[in-house]
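The structure appears below as structure tokens.
Bear in mind that the values here come from a model prediction, so they are computed numbers and not experimental data. Per chain, numbering begins at 1; letters A, B, ... match sequence-line order.
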There are 4 protein chains.
Amino acid sequence: MGKLHVGIVGATGYTGEELVRILSRHPNVEVAYVSGKEDRSERIQDIFPYLKHTLDLKCNAFSADEAIKKTDLVFLSLPHTLSMQSAPLFLKAGKKVIDISADYRLRDPKTYEKFYKTAHTDLKNLAGAVYGLPELAKIKAAKLVANPGCYPTGSILGLAPGLAKGIFNPNSIQIDAKSGVTGAGRKADKALHFSEVNESVKAYKLFEHQHVPEIDQALSGVSKKPVSVVFVPHLIPVNRGILSTIYVKLAKKTNTEKLLAVYKKFYAREPFVKVYDAGLLPEIKNVAHTNFCDIGLKVNEEKNFAVIVTAIDNLGKGAAGQAVENMNIMCGFPETAGLSH
Amino acid sequence: MGKLHVGIVGATGYTGEELVRILSRHPNVEVAYVSGKEDRSERIQDIFPYLKHTLDLKCNAFSADEAIKKTDLVFLSLPHTLSMQSAPLFLKAGKKVIDISADYRLRDPKTYEKFYKTAHTDLKNLAGAVYGLPELAKIKAAKLVANPGCYPTGSILGLAPGLAKGIFNPNSIQIDAKSGVTGAGRKADKALHFSEVNESVKAYKLFEHQHVPEIDQALSGVSKKPVSVVFVPHLIPVNRGILSTIYVKLAKKTNTEKLLAVYKKFYAREPFVKVYDAGLLPEIKNVAHTNFCDIGLKVNEEKNFAVIVTAIDNLGKGAAGQAVENMNIMCGFPETAGLSH
Amino acid sequence: MGKLHVGIVGATGYTGEELVRILSRHPNVEVAYVSGKEDRSERIQDIFPYLKHTLDLKCNAFSADEAIKKTDLVFLSLPHTLSMQSAPLFLKAGKKVIDISADYRLRDPKTYEKFYKTAHTDLKNLAGAVYGLPELAKIKAAKLVANPGCYPTGSILGLAPGLAKGIFNPNSIQIDAKSGVTGAGRKADKALHFSEVNESVKAYKLFEHQHVPEIDQALSGVSKKPVSVVFVPHLIPVNRGILSTIYVKLAKKTNTEKLLAVYKKFYAREPFVKVYDAGLLPEIKNVAHTNFCDIGLKVNEEKNFAVIVTAIDNLGKGAAGQAVENMNIMCGFPETAGLSH
Amino acid sequence: MGKLHVGIVGATGYTGEELVRILSRHPNVEVAYVSGKEDRSERIQDIFPYLKHTLDLKCNAFSADEAIKKTDLVFLSLPHTLSMQSAPLFLKAGKKVIDISADYRLRDPKTYEKFYKTAHTDLKNLAGAVYGLPELAKIKAAKLVANPGCYPTGSILGLAPGLAKGIFNPNSIQIDAKSGVTGAGRKADKALHFSEVNESVKAYKLFEHQHVPEIDQALSGVSKKPVSVVFVPHLIPVNRGILSTIYVKLAKKTNTEKLLAVYKKFYAREPFVKVYDAGLLPEIKNVAHTNFCDIGLKVNEEKNFAVIVTAIDNLGKGAAGQAVENMNIMCGFPETAGLSH
């Protein structure tokens, strides 16, 4: 059987690069198309020299026609609003699309407009898009997958089992997330200068980060009740990784062992969620360069309170890794294909 | 008038070094005694070469007799339990003592025993010790100051105004603290190896860090009600600094501007607390190598919730800087003397 | 055909961990044995959690008998002097051995004794060991490979073409090497404390690093003349990678383009050496987590001088990656098998 | 006696900020004028919040008239070519000028034009400018000081004693310099993005860095012979500091102890050069946030070779600190005033 031909639109950002890295050694696919932001045409090997033995391809400015001709499935690693311009073209041509931008994540176009400051222009495909968190959604039949944001992935996976079982009070959730700097994208910006980020930590966008409605939407679905979280993201001086520390009041009495048992059962068949034993907690270094979401937690019975800690790689399970996982499911490949590193 | 003769017992750890650095150029004092942990005798200039023009002194193993003979006031920068062995000797000899360990911070010796795993052996002086947070306590007449812990300093200062004015619900406080690695002390430990800490972040001691009772004790005093916080410390790959993100439910309606006005009034006469204007938030780099505690906050009126962010240097306001500030007050020096950098 | 059964003796250090990481997803081998330094027995998955889907094995204290029984080939990732105690046992049992310590690298046992402070105890096997730099040596028939040191790998590959062709003056070579901290090993050591290494750089072991005789031996072989380099290693605050900046006087007139052509020809068939075009230079980030050695250079015709810059990952081409490359050659696998990431 | 009124033109870059930091607590001066690059007017306290107790001043766009009216001496912390436009105005008005750009460092305007791509427009003042390395030049009577570059400071101080005494072969000098990222300036640039610099090291501008003619000019003066060094700068992931590793052939027989004695004698009266004892070497962390240049060295008698290692803070002795040292000498203040931290 021939390999699936995939394209990566937006291959030169951090997420695009990670897609190229993973897909170029994926056993079931052939990377048949890559495009970058720049006008000039360059061999992808010259941009990312470690591809020497694995991928020899030109990286040009984006052409939908060329991409459609060469691929069966495309990953759109584009800035928000650009995805909803090109996704319809691919879908119309019968191609599968995995969109890594936020364009198809929020079911309500008004919420999209509020947080992304633009009216949604592809309501038709928005209605059919599947939110691509494989632990919570059915991905298999999807034509268009909205790949989740990095912060939502770590937050939702950390809360889903407890909310699904009614153990957590849905009105009392605080998420304190710490992200590496690749999460801010590869761009010239004084605030991202090495010496501004190094030896510092800061919080930003208190209460109003654009990932909040995505988290609320997913958790409301899980808990069958409206959930509205307090979410505070932080920038930390590491390249990759998000550690999310989640604070919840308990709606039912439980203890650490029992709650861990609920989590382990919930994720028993999930290859990329690892629930730690009592006394152990995730660290960013355990998940960097992987597609895992590691989860640890502790209950304080006296305070009727739980703290859950999750760790993901923002470019792995938080972006490119999860996108490949979604492709694997959509195309009938083993869910872990190409993701075992 | 002659200068005050000060001693630094335990000068070779990170806090001791910072004390030496500050005190060696303090206009009102002369560093007359320093001791280290090691047996060998060394010039302090050879241990910390940047002291070349500022301090020429031998650093020997600790001798209480010698220290008493040479000093008017001593800083004890010792591991917990060692301080309560030597503090009585200095106090008996009429010397002032600023203890940077935890030995005199907790008023209840049972709580001390629970968290530090040793019975307290100096109950007499414990009763008279003053908890040295100058923004909340009267330091001037103290003979023995218990210098606050690094985490408590950032947490308490961030919560005191709102709790004092009854604005915060005292039963609903979560503190997510991120600390640099000097906070863990200068010791050989695989877990502190550069490559274990670099490119990672981890949470530790969920609910049970030894600084929790110290925070609860101080905040209960401020709010006149029992306070019991949820506190989760994290290790981040920076040398110095603590960023504390504090989550509180509101007991009274307020908004960002009004709450900031309360904070600004509360700290109006405090030289080392800086309350940011709305829209701005502290970052570790703004306070590193200073004695400041920077505070920013934001209210979410819809959720009836506030997030407060504080930043300190764990070796500055979180340890050595605050110790010098306490000395300044105890000795009638300007509160900012030696601390303007 | 069945897979090769391999063992990793010393799997819990940084190099051992990297071996486990690479070999657990190598298409031609099965990791059949791992041992650690500690007495206790643990699942390797619990030590390195990202192995979840790839390797399920007990990691016990080393037993030569068990290792011999279970493996066809072993990697010895042991401290110097321990390797020469166990290598003879494996060789006698007909197993292939790739030793990552220095025990079989230096042909002259007196030089070994001088630099490693112990008499060599396995002269018999020393005589037959092959120095495992695949670009310079025939590895195919080897039973015992002495895997090169990390510094020598980056230095030798950067100098070999110019010395082989008589272009460089062999009496005038200076190597300034900058290494990440995993190169120092995973051990409790105050000097490796995060806050001692972070925000600093230092040189160490001027002229007398134990890798110097290894570099001299290999370069003397290449140039057919005695070579004795000046070598200065530095510790830099990154986890992985070595950048070597090499200073040489020219024995023959040349220019950048011509010298690059010599290098490109020399390494034309080598899958893991990448020679950059004029104007480009290697950076550690380009080779981190790979088995590549990247090389760039520039000639100053006026000064009759060249500077060569090489970059490797000290755990990749500088240790575990190269060891796997050697295994691939010894066992008839494709040279790049398992190393394409 | 009143304090000297100083101005800082270009106060918002890294060097300007360091000048503000040092001068705002200098005992002999009052910072009377600061200007920034931006049009908007802002309190300097709002830009650098740690100035709270030390400096309250408006930072506006540059106005030469205002600066002349308010100051006795100005520091020009401007990009190259801008300094030579404003320096003449200050000098004509009788003000002293310390220029931190390269505009007055190179005596030969043709060399300036070659390396800075602009014709020099102030030859008159160029002729009278004093190259401000206090260890080698007479600064006292200068009206216009050309403050040395960061790389030249560390290189020249490391070589001067050996060259002055004819111990080093002036035709065989290689300098391998490793610089922190503040040396590249505070600007939006993809290449300075945290994740591009972090976990990497790179060499750049081989043989052709603009600081080379400055080093050659100063060393030729010291050695009374034409010196032409090989200089390779590197970017390392730290905020502040330069470590220079210098390779020289010996012209006269010597050993480590004797050469150290020459260095110690040469710098005996210099407050900011520290020569280490045999066996010790400088590290960046020992000089960060200071005005020191630390020097260590080792001779290899067999090879007739020496390696010298120097460490400075690129913003301290490499820029702002040395500028203040020059001011101290020009104005008759103690050379170490304001620089004891």
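Residue A/Glu302 does not touch chain B at all, counting heavy-atom pairs closer than 4.5 Å. Both the backbone and the side chain of B/Lys298 have a heavy atom closer than 4.5 Å to some heavy atom of chain A. Contacts of B/Val229 with chain A are made by backbone atoms alone, with heavy-atom separations under 4.5 Å and no side-chain atom involved. Only the side chain of A/Tyr247 comes within less than 4.5 Å of a heavy atom of chain B; its backbone N, CA, C and O stay farther away.
In this structure, the side chains of B/Asn300 and A/Val230 stay at 4.5 Å or more apart for every pair of heavy atoms. Side-chain contact between B/Tyr204 and A/Leu281: absent, with no pair of heavy atoms (C-beta onward) separated by less than 4.5 Å. Annotation: side chain of B/Asp176 is in contact with side chain of A/Lys178 (closest heavy-atom distance under 4.5 Å). Counting heavy atoms from C-beta outward, B/Ser200 and A/Val238 have side chains that stay 4.5 Å or more apart.
Applying the 6.0 Å contact sphere to NZ of A/Lys225 captures no more than 12 heavy atoms from other residues, nucleotides or ligands. At most 12 non-hydrogen atoms from other residues, nucleotides or ligands lie less than 6.0 angstrom from NZ of B/Lys224. Within a 6.0 Å sphere centred on NZ of B/Lys303, heavy atoms belonging to other residues, nucleotides or ligands number more than 12. Residue A/Lys264 qualifies as enclosed at atom NZ: its count of foreign heavy atoms under 6.0 Å is above 12.
Of the residues B/Ile242, B/Val201, B/Thr245, B/Leu243, the one that meets the side-chain contact (heavy atoms from CB on, under 4.5 Å) test with A/Val201 is B/Leu243.
Salt bridge A/Glu196/B/Lys285: present, at least one basic N to carboxylate O contact under 4.0 Å. In summary, A/Glu199 and B/Arg240 do not engage in a salt bridge, as defined by a charged side-chain N under 4.0 Å from a carboxylate O.
Interface summary for chain B: among A/Ala203, A/Gly296, A/Ala311, A/Gly241, the most heavy-atom pairs under 4.5 angstrom belong to A/Ala203. Interface remark: of the candidates A/Asn239, A/Val197, A/Leu235, A/Ile236, A/Asn239 forms the most heavy-atom pairs closer than 4.5 Å to chain B. Counting heavy-atom pairs closer than 4.5 Å to chain B, the top-ranked of the candidates A/Val232, A/Val287, A/Val309, A/Asn198 is A/Val232.
Here CZ of B/Phe305 is found 10.5 Å from CG of A/Leu206. Values are rounded to the nearest 0.5 Å.
Counting all heavy atoms, side chain and backbone alike, A/Lys249 lies closest to B/Asn171 at NZ-O, 4.4 Å.
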